[in-house]
Amino acid sequence: MSAILPTPGDAAPTTRSPGVWRSAWMRLRQDRVGMVSLAVVCAFVLLILASALGLVAGDWQREIGVPYAPPTMLGPDRAQTQQIIETPKGPPIDLSDVDPLAPRYAEWKERAAKFQTTEIHKADTLPLGGDRLGRNVLAKAIKGAQISIFVGVFAALLATLIGTVLGAVGGYAGGRTGDFLEWVYNVFTSIPDILLIFAFAAVFGRGIETVVLILGLAGWTGMYRQVRAEYMKHRTREYVRAAEAIGVSHLARMFVHILPNASHVILVRLSLLVVGFIKAEVILSFLGLGVPVEQVSWGTMLAEANVELILGKWWQLAAATAFMATFVTAFSLLTDALRDALDPKLR
Amino acid sequence: MTAYIVRRIWQMIPTLAGVILFVFFLFKYFGGDPAEILGGLLATPEQIEAIREQLGLNRPVLDQLWIFLKQIVTFDWGRSWATSEAVRNIFATRLPATLTVMLPILGLEVALAIPLALGVAYVRGTLTDRAIMVLTTVALSISFLVYVIVGQWLFGFYLGWFPVQGWSDSFVVNLTRYAVLPILLAVMVGLAPQLRLYRSFFLDEIGHDYVRTARAKGLTEKRILLKHVLRNAMIPILTNVAIVLPGVFVGSFLIEVFFSIPGLGREVLLAVNRSDYPVIQAVTIYLAALTMVINLIADVLYKIVDPRVVLK
């Protein structure tokens, strides 16, 4: 008998099977759409990092162009001809003997010469056009990307934190605590999302941090539900029982042992939340409940674009839409690819 | 069945109590001082004190909660802080406009999404299917705002097919003249997500055993989809309609803002901007209650649609 069973000591070194993240990464590498969207998302992340550090678009508030400067590819606006009064012909008539101000002209000229005025040349065209004040739409779109994505990501992180902690406690502990958290969940889900957001907005006021807080507080329920289900599933698994047997504390079992096994679910749900919250931020800012006036987001750009479109100035609308659509499409496709890579059973 | 309904209504009480407590304490401890909002910037301390007295803000918290409960039960929320219009009156006059816009939107969306999704499910896996899926992903990534801004400009201003905005007192004029463009735009925007969702419902059903059996006995694919799959997919579709149904009452706030429709959604938004707490509180609590009732009706409907469902 002992001849058949190899003793543990001289067993051949087995090849370690790749871990869940490594194999997921390998599956993601196979997904061409997923990799392209990952590249686009990474490009956006670099762009907003550069913008946050002030390397690009730091001067978005400077009025560097003429009002409503058209995009460069369209060329400058034709100069408007407003010649209602005919230019007089003939030699200029000398009025200095009847002009009461004539003696002081020389004095004024002298005083005016003491002040230095610098002629600011305002650009006739800008790469993606200019807005009402002649600010660069390209810089605004980049700065707007920074704010909108920042809000989306941080609100999603906040919602994830709330949902994960409550879901973990509710699913793991069960009993009275679980019932109480279920009650809180029921209360939050019975209020329609938009009213929950409006109620928080009415109470908390305005500002970027407030938007993050509002969206996070209103959007954690889906995450809670899913994390809770995962914890209920894992609670009685052998590895958790084994951890209990060697005396691991409840907290460690919840967050050291079970959490990594639920992390793929959390990650996918997190990226779904990011997309949803970016869209929500745009709408809130458009309505004036979001970012304050001195800052720019895709939503405030769209709010300005609404009026501009009637004047035929479409470029701000186009720029904000194109930036947002590119990022959100790439992020959604990446989320799909992530889900496929992390959960091969779903395919 | 009756026992089930009674039990479900009984179970609603703690949740509703939670909603009431949540709204009460949110506005009490995180909102601004109602007396100062009402009094405005020029109010004297005596006036503010008088308002506090009138609203019962000087009484203990439990008394205030009792007043709040009485308001909810009697539907008597007093007057709006901003316009002095009775809150009850706001509900009665704003709701018809909202429903005039939202019910056709919901109906058209479901009526269009089901056949389209069935069609896409029929050609699943082909280039058409994948093209439509990519198209809907892109369509979904553009903000709802952009569709409304461009749609209103194109059809209302540039082409002049519809009035840019407006509303009248006559239901027929509203429905045939002012509501047409908002409804069309909202349906166009709402179709992409509905289509994706319903397609996934149909594809889920197609994977079941009874579909294989139906194929084995030689039924055509068309018959399988229309007779067998559609019926079974009605359950998730019904669930989804039940989920979006409460949104009918305020969900159109963006449409209402753009097209100046005097609906409930726009009213709530105005209330948020004016810190008009009674309006927000009333809408939140009644809509939460309505959501619970709609969920119950949906559960009972499952039983009628699908006899296998056991109501516990």
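In what follows, every chain begins at residue 1, and chains take the letters A, B, ... in the order their sequences are listed.
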For [X], which atoms come within 4.5 Å of any heavy atom of chain B: side chain, backbone, both, or neither?
| X | value |
| --- | --- |
| A:F188 | side chain |
| A:I278 | neither |
| A:L302 | both |

Heavy-atom pairs under 4.5 Å with chain A - which of [options] has more of them than the others?
| options | result |
| --- | --- |
| B:V257, B:L287, B:V134 | B:L287 |
| B:V19, B:D276, B:V23 | B:V19 |
| B:I280, B:I142, B:V146, B:N295 | B:V146 |

Nearest heavy-atom neighbours spanning [X] and [Y]:
| X | Y | result |
| --- | --- | --- |
| B:A288 | A:P192 | N-CD, 4.4 Å |
| B:R196 | A:D336 | NH2-OD2, 4.3 Å |
| A:W183 | B:P14 | NE1-O, 2.8 Å |
| A:A202 | B:F27 | CB-CE2, 4.4 Å |

Contact origin within [X] toward chain A - heavy atom pairs under 4.5 Å:
| X | result |
| --- | --- |
| B:N273 | both |
| B:L26 | both |
| B:L145 | side chain |

Fill in: Closest-packed option against chain B by number of heavy-atom pairs under 4.5 Å, given A:A325, A:A322, A:S190, A:G288
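The residue among A:A325, A:A322, A:S190, A:G288 with the greatest pair count is A:S190.
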Worksheet item: chain B: which of A:D193, A:V203, A:L196 shares the most heavy-atom pairs with it under 4.5 Å?
Response: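 The residue among A:D193, A:V203, A:L196 with the greatest pair count is A:V203.
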Worksheet item: Are the side chain of A:K279 and the backbone of B:S141 linked by a donor-acceptor contact shorter than 3.5 Å?
Response: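 Judged by distance alone, no pair lies under 3.5 Å.
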Please tell me if the side chains of [X] and [Y] come closer than 4.5 Å, counting only heavy atoms from C-beta onward.
| X | Y | answer |
| --- | --- | --- |
| B:V283 | A:F198 | no |
| B:L254 | A:L287 | yes |
| A:I310 | B:Y158 | no |
| A:I191 | B:F22 | yes |
| B:L21 | A:V187 | no |
| A:L309 | B:F157 | no |
| B:S143 | A:W298 | no |

Worksheet entry | Over 12 non-hydrogen atoms of neighbours within 6.0 angstrom of CZ in B:R130 |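 Counting other residues, nucleotides and ligands, CZ of B:R130 stays at 12 neighbours or fewer.
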Practice prompt. Could you tell me how the ring of A:F204 sits relative to the ring of B:F30: parallel (under 30°), tilted (30 to 60°) or perpendicular (over 60°)?
Written response: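 The arrangement is perpendicular - the two ring planes meet at more than 60°.
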Item to complete: Take A:F286 and B:F258 through the test ring pair (Phe, Tyr, Trp, His ring centres under 6.0 Å) and record every step on the way to the result.
Response: CA-CA 11 Å; A:F286 175 85; B:F258 271 101; 5.3 Å; yes
